[in-house]
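Have a look at the structure below, then the notes.
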Amino acid sequence: MGDDSSRSAVPATFPRIWAVIAAIPAGTVLSYGEVARRAGLPRRARLVAQALRAVPDAMPLPWHRVLRSDGRIAFPADSLGFREQCNRLRSEGVEVSATGRVRLAAAAMSLDELLWRP
DNA sequence: TCGATGACACATT
DNA sequence: AAATGTGCCATCG
């Protein structure tokens, strides 16, 4: 019956990936690999990338908190997406180098600071 | 079915 | 820090 599998064609893994990304606290960042791992999809970082491309515009997702494993923004430095991600991260207090590099440890630490003090 | 592609990861150099 | 090569996996023509 209602076989809509030929119409929407949204992989079952996407919603899980989106949920993980939505759960990333402001001011912190995660790598594609980490997101995949937390979504129960180890070694599928590239699938995370595809899931991000497929995010409906109506869905507000903190996509800017997802970086490469080396702490770099995945977009080319001259692209619009790069600048947008840069701005969003800095708005949350994350330090981003001119080349788009972020210290993952430092970003994770910013949350610790909040919890560290009483 | 096969080959090319991609908002990646990892090891080496 | 940056460049290169290899591995992975779903999607597409």
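Quick note on labels: first sequence line is chain A, next is B, and so on, each numbered from 1. For clarity, every value in this text was computed on a predicted model and none was experimentally measured. Quick note: numbers below take in every heavy atom, side chains included, and nothing from hydrogens, waters or symmetry partners.
- Distance from the side chain of A/R44 is smallest for C/dA10 among the nucleotides C/dA1, B/dA7, C/dA10.
- Atom CG in A/L47 sits roughly 13 Å away from atom P in B/dA9 (whole-Å rounding).
- Take the nearest nucleotide of DNA chain B for A/S69 and for A/Q50: the residue whose nucleotide is more 5' is A/Q50.
- Of all the heavy atoms in A/F82 and A/A98, the pair that sits closest is CZ-O, 4.1 Å.
- Between A/R37 and A/W63, it is A/W63 whose nearest contact on DNA chain B lies nearer the 5' terminus.
- Distance A/R72 CZ to B/dA9 P: 13 Å, rounded to the nearest Å.
- A/I24 places its CD1 atom 18 Å from the P atom of B/dA7, with the value rounded to the nearest Å.
- The A/S31 side chain lies nearest to B/dA9 when the options are C/dA2, B/dA9, C/dA10.
- Atom CD1 of A/I24 is separated from atom CZ of A/R38 by 7.5 Å, given to the nearest 0.5 angstrom.
- Going from atom CZ of A/R38 over to atom P of B/dA9 covers 14 Å, rounded to whole Å.
- Distance from the side chain of A/R101 is smallest to C/dA1 among C/dT11, B/dC8, C/dA1.
- Counting distance only, with no hydrogens placed and no angle test, the side-chain atoms of A/Y32 and the base atoms of B/dA9 include no donor-acceptor pair under 3.5 Å.
- At a threshold of 4.0 angstrom between heavy atoms, the contacts of A/R53 include nucleobase atoms, whether or not backbone atoms are also involved.
- A/P76 comes within 4.0 angstrom of no nucleic acid atom, judged by non-hydrogen atoms across all strands.
- For the atom pair OG1 (A/T99) and CD1 (A/I73), the distance works out to 9.0 Å, reported to the nearest 0.5 Å.
- Side-chain N/O atoms of A/R43 include none lying less than 4.0 angstrom from OP1 or OP2 on B/dC8.
- For A/I17 and C/dA10, the CD1 to C1' distance is 10 Å, given to the nearest whole Å.
- Nucleic acid contact class of A/R46 (heavy atoms, under 4.0 Å, all strands): base.
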Go ahead and write out DNA chain B as dot-bracket, 5' to 3': ( ) for pairs within the strand, [ ] for ones crossing earlier pairs, | when the partner sits on another strand, dots for unpaired; Watson-Crick or G-U wobble, both distances under 3.5 Å. .|||||.||||||
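- Atom OH of A/Y32 sits about 12.5 Å away from atom CG of A/L47, to the nearest 0.5 Å.
- Side chain of A/E84 to backbone of A/H64: no donor-acceptor contact under 3.5 angstrom is found.
- One atom, CG of A/L80, and another, P of B/dA7, lie 15 Å apart when rounded to the nearest Å.
- Among the nucleotides B/dA7, B/dC8, C/dA10, the one closest to any side-chain atom of A/F75 is B/dA7.
- Residue contacts shown for A/G33 are limited to sugar-phosphate atoms, with no base heavy atom under 4.0 Å away.
- Atom pair A/D70:CG and B/dA9:P shows a separation of 7 Å (rounding to whole Å applied).
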